[in-house]
Every structure is written in C-alpha cells, then in structure tokens.
Colleague: 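This structure is in structure tokens; I'll ask about it shortly.
Just follow the structure's listing: the first ligand is 1, and inside any ligand the first atom is 1. Residue indices begin at 1 and follow the sequence shown.
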Amino acid sequence: MSEIGTPLAVGEIASYHAHIYYEAAERPRAEHLRKLIGERFLLRIGSWHDHPVGPHTKGMYQLAFAVAEFPRLVPWLMLNRDGLSILVHPNTLRPRDDHLVHALWLGDPLPLKEEPLPVQLSARAEIEELPPANTAPTIAP
Ligand code: ZN
C-alpha cells in the first residue's frame, strides 16, 4: 500500500481481470452468465476452474479485459451477476495489492490467499499480457 500523500497513477493499470466465483450448485448460473458475457463483450474468457486455484479459494473463471472495456463491462456485471461473487482487480506491477487492496467486489467478498501473489514485479513486461479476445459479441450490452 502506498504512503499517504503518494497517489498512484491510473496509467499503472495495464488491464483488468474479473473473477466469477461459483460452487457446484451455482455452476448453471455461472454458465448462463458466461454465455451472456460472450455475446456482449470483447474480452478473453478463461478456463473453468471448478476447484480453488492460485490465490482463489472457490471455483471460478476469469475474464481478462482492456482498460477501455471497464466502463461497459463492470456496470453490466453489477446488474447481471445473478447473486454470484465477482472480484474485479487491476493488473499493475503489484499483484498482491491489486488483489487484496485495490480490488473491488461485486456481491459477497471471499477470502484470498496471499502467498501465491507476488508483492512486486520488476518490469511492466512481467505483467501478464492481455490475451487476445476469444469472444465474438453479437448483442449490444
Ligand atoms: Zn486475476
């Protein structure tokens, strides 16, 4: 976390992730949401993880999206998450802060594991590159 009086620049945000969490009983809702997202937004939808992986303590899939998509996607998720918990976090040189300090939650927050998250990356190139979109939107959000 930064000291008081040293604000971070939003230009440090290379991209965003949204992680959509579900357990077995919630998977049909997560599947429906995934379909709706793919129809509406140009982004990368990640693999299904039915079991916790990395810092995540519940099943989830990831959305990777450009900074420019945030003001379209995040409000839409606010209205359409259907009771699922969603973590939205920036990707900067500080992955631990990105997830634990600078993130926002839609719905109920869930615990995250700290240790898989590096405190500091040394160069912008180390930030996971924004993967190419795998969606082909056909419906305006
Ligand atoms: Zn992430």
Colleague: Parallel under 30°, tilted from 30 to 60°, perpendicular over 60°: which one fits the rings of Y22 and Y61?
Modeller: tilted

Colleague: Might you point out which heavy atoms bring L42 and T135 nearest each other, and give the distance in Å?
Modeller: CA-OG1, 3.4 Å

Colleague: Looking at H99, K58, H89, H49, which one forms a side-chain hydrogen bond (donor to acceptor under 3.5 Å, both in side chains) with H19?
Modeller: H89

Colleague: May I have all residue pairs that pass salt bridge (charged side-chain N to carboxylate O under 4.0 Å, His left out) and include part of residues 69-88, sequence neighbours excluded?
Modeller: E69-R72

Colleague: With the Zn ion (ligand 1) at the apex, how many degrees lie between NE2 of H19 and NE2 of H89, rounded to 10 degrees?
Modeller: 100°

Colleague: Specify which N/O/S atom of H17 comes nearest to the Zn ion (ligand 1), by atom name.
Modeller: ND1

Colleague: Taking 2.8 Å as the cut-off, does an N/O/S atom of H99 lie below it from the Zn ion (ligand 1)?
Modeller: no

